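Worksheet: the structure to be examined is printed underneath.
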Amino acid sequence: MAEAIGWLLDVYAEDDGINLWLLTDDDKRLHLRMEFDITFYAAGDFNLLRQVWKYLKEKDVKLERTVRRDLFLGERDVMAVTTSNPAGLQKMFGELQRQFPSLDYYDADIPITLRFIARTNTYLLGRCHVRFDDEWIQSIEPLSSPWEIDPTPIPLRILTLAPDCNPAIRKPKQLHVKYGQREYSLFLDSPRPFLIGLKADLQRLDPDLILTDYGDTWLFPQLGAWSEETGIELNPNRDENRQIMTRKADSYFAYGQVTYRGAQSHLFGRWHIDRKNAMSFGEYGLEGAMEQARVTGIGVQEMARKSPGAGITAMQMLTALCNAVMVPVQKQQVEGTKTLSELIRADHGGLIYQPLIGLHGNVAQIDFSSMYPAIMVKHNISPETVGLENAPEGLIPKTLRPLLEKRLMLKNILSDLDPRDCRVEILKARAAALKWLLVVCFGYLGYKNARFGKIESHEAVTATSRELMLQAKEVAEDMGFTVIHMYVDCLFVQQEGFHKPSEFTPLMNAIEEKTGIPIALEGVFKWVAFLASKRDARVPVPNQYFGAFQDGTLKYRGIELRRRDTTLWVRKIQLKALEVLAGANTPHEFADRIPDVMALVECAKRDLRIGRVPLGELVIRQRLSRTIEAYKTPSPAARAALQLQAHGRQFAPGQSLEFLFARNATGVHAWELDETLDSGRLDTKRYCKLLDRAVQTVLDPGKPLLVPQRLL
Amino acid sequence: MKGRLYSVGMDILPVLKTGKLIVIYTSDAARTESMILIAELGLRGEVTIMDGGNRYRPYQVAKLLRTKTVDISTAANRLFSRRAFTCYEMNTLLSSTPSLNQPYLILDLLNTFYDDHVPTYEAYRLLKSCLSQIQRLVLSVPVVVTLAPPLAEERDFLLEQVCRQADEVIIQEAPACQPTQPSLF
């Protein structure tokens, strides 16, 4: 019997078990196989179950009556259906569900990686020890845990492929190739030599990861087309028996907006990640995607393209599998009955105060660390435990506890490291990836499609958070602080004579002691501005503020700089204005710098009028919220889409469009149009207006201080 | 459709009778009208509200109650509500609702059935099950259902399925187009 030690790269289903790819310590890529039976359950009316038994007994499955636990209903008599063909499960289950739709089904749509982890305790990207006979695994033993703070780095071979331009705009001429320190280009003008070159590179380099730009939407579909055209076979999979697995593009509604996800190309035996089609890749990169894959149990290719919500769902499924709880295909728990008074009391979000409008000096911002997940863990808030006293640890806290602990440890390590330390960037990416999982876990308590959600548990978390925030406020006020603002999980406090971070430590200790939730100092602002509504200057806007910390770094939320639809030019000038203001040490000095900002703005406008601003910096990016035909009054993005539609481009809701404001009949000029906009046709007035608005945002708080000074 | 068509502006209270299923169909699932109806019914006795489209506005109802009575809490404690966020939940919600001697209001019944992630055959099956539960409730009390149009025409048949079972269907009259004179100043 042979054996090997290495990192688990990939797991996927096959007709007679599962395939595994191992990156061994001696730098080999082992393709192994494993027999793997999988079981799902059906429950409901016994007469129907009898019919199911008759329906399934002709098929190659094992049927058994057993008792399993439903998280909400407790022990249930169920029919267990076991198959030794993991790849055929979805088809068989789909047919069964169509035939018997009124039954409750469990464990029928669990990703194969999660089943594998639940059975072997060996996580993806984790180290393991395998013994095998002729490719078939006889035993597998985990050698690491996903919760390790400092996992051994995987020596991945990474091949990067990127075209020289966005293929949606114009035809690429070259494909830039990068492997290790080597960089070169393959010419695309003739498919035959290109395919031969790429095929040779793939065979020679045998990469574990193909990192592309536009690989999903352009490169891999194009490779298929060229391969057919030239007759040169090119299979980018490491598993040669597999073809590229493609998924169609779709638009979906999530986090309050319509999002477009392009088509996807997944590989077997190696990974493919399209940086332009991976949801949060820009934020935490490969290290973050790998960290999410490690803790969620979803493959790297999948996790890079999916939302953190999918990761949290997978983690909950894994906890359920490991604790012998069945995972329902459809959640059916409904809200309990509430009277109008009860509903008004319960149905609230986090606590948001109305800040004191204007500029404030020496203000400390203190944040509860991962407040909502910490509440869920500390107060044992889970759909099945909500409202119960002394209940055993619920499924959700059980899932979140290690995640929360790992993130806090990473944060602590980061705070102790020198910013120049080479580990900082990697640790930051991993911490950010875990942060996103923790951010969405609360929403998934109330999300309609969550497997283990219940609106009451969602309400319990916000109710607890409101209480804790009030406790924190009382502690601060008892210690003589003025609470200027409170926003869900953070407080802005001020006290005469307090400006050093250490002076706020007793307050933080007192709050942590009172609430039991860790709290951290974000920083002490030299000055911070809370903004008024543009419609009514008496009304504050709770989520719009900006300020300068004592070291001069800026923090800004809710202003134009943070908005994706603000042009780069406006963002640049607004940031420059803030940088000028950041030099001020007090609110009064802030007012002194207003003339400098005004001069800066005038200079920027002059540059715009004389055509010195590159058009690329003036591009506006907006999303289509519906199909173009569905617009009654087309938005600028819809008008730009109409221009491109005339040139044969198609658009789906959620897709973003880039355009310039122009002095023409439609008022816009689509950026992707072949003809460049004549700079004389640019709607400079409109851009100046956008800039004025952005500058007004940052200057308004200082104006009340400016007027009396001028009068004097 | 079994019953007659009315316009939304009418006073619905006299129409409410045991054994009657009344459907109100407007572009916004009778958002305002249903809140007025809930408040009116709450002043008279207990009501059960089942919300399928996140249409229930508790503060609005409380305000409406306040215009009619100083004793809001009595009326507020007579309004019982539950929300469903998927059509599976709506089905569970209806089948777990006992037949009590109080009117039922089902707000935006079809909203979750319009979800394009739910296959059409599944939406049809679940709605059939929901309608049989509604029929059970109608036997002892009046039931009012509000509906909004689907986003995609393919799901129009769900609307027809509900209206076919209704005793009265009240629809929103399209606002008459009045010529307007542009302002000069």
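Sequence lines set the chain letters: A, B, ... in the order given, protein chains first and strands last, and positions in each chain run from 1. Here the structure is a predicted model, which means the values were calculated and not measured.
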Notebook entry, point to check: Can you tell me if Arg82(B) uses its side chain to pair, donor with acceptor, with the backbone of Gly336(A) under 3.5 Å?
Noted result: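 Absent.
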Taking the side chain as everything from C-beta on, heavy atoms only, tell me whether [X] gets closer than 4.5 Å to [Y].
X: Lys331(A); Y: Glu89(B); answer: yes
X: Val334(A); Y: Phe85(B); answer: no
X: Val118(B); Y: Gln330(A); answer: no
X: Asn77(B); Y: Leu340(A); answer: no
X: Lys338(A); Y: Phe80(B); answer: no

Notebook entry, point to check: What distance do Glu335(A) atom CD and Leu93(B) atom CG have between them, rounded to the nearest 0.5 Å?
Noted result: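 Those atoms lie 8.5 Å apart.
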Note to self: To the closest 0.5 Å, what do you measure between CG (Asp347(A)) and CG (Asn54(B))?
What the structure shows: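 Taking CG in Asp347(A) and CG in Asn54(B), the distance rounds to 7.5 Å.
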Contact class of [X] relative to chain A, heavy atoms under 4.5 angstrom:
X: Arg125(B); answer: side chain
X: Asp115(B); answer: side chain
X: Leu65(B); answer: side chain
X: Ala62(B); answer: both

So does [X] have more than 12 non-hydrogen atoms from other groups sitting under 6.0 Å from [atom1]?
X: Asn101(B); atom1: CG; result: no
X: Leu151(B); atom1: CG; result: no
X: Arg50(A); atom1: CZ; result: no
X: Arg31(B); atom1: CZ; result: no
X: Glu153(B); atom1: CD; result: no

Margin query: Let's test your reading of the structure: which of Pro58(B), Gly42(B), Ala75(B) forms the most heavy-atom pairs below 4.5 Å with chain A?
Written below: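 It is Pro58(B).
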Check: Just checking heavy atoms, which of residues 100-107 of chain A are less than 4.5 Å from chain B?
Finding: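 Contacts with chain B: Pro101(A), Ser102(A).
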Next item on the list: Select one option (side chain, backbone, both, neither) describing which atoms of Ile344(A) are under 4.5 Å from chain B's heavy atoms.
Entry: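 When you check distances to chain B, atoms from both the backbone and side chain of Ile344(A) fall under 4.5 Å.
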Next item on the list: Check each atom of Glu342(A) against the heavy atoms of chain B and say whether the ones under 4.5 Å are side chain, backbone, both or neither.
Entry: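 Neither part; nothing is under 4.5 Å.
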Notebook entry, point to check: Nearest heavy-atom pair of Lys448(A) and Thr86(B): which atoms, and what distance?
Noted result: O-CG2, 3.4 Å
Checklist line | Residues Glu459(A), Arg83(B): salt bridge by 4.0 Å N-O rule | finding: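 Here Glu459(A) pairs with Arg83(B) in a salt bridge, since their nearest N and O are under 4.0 Å apart.
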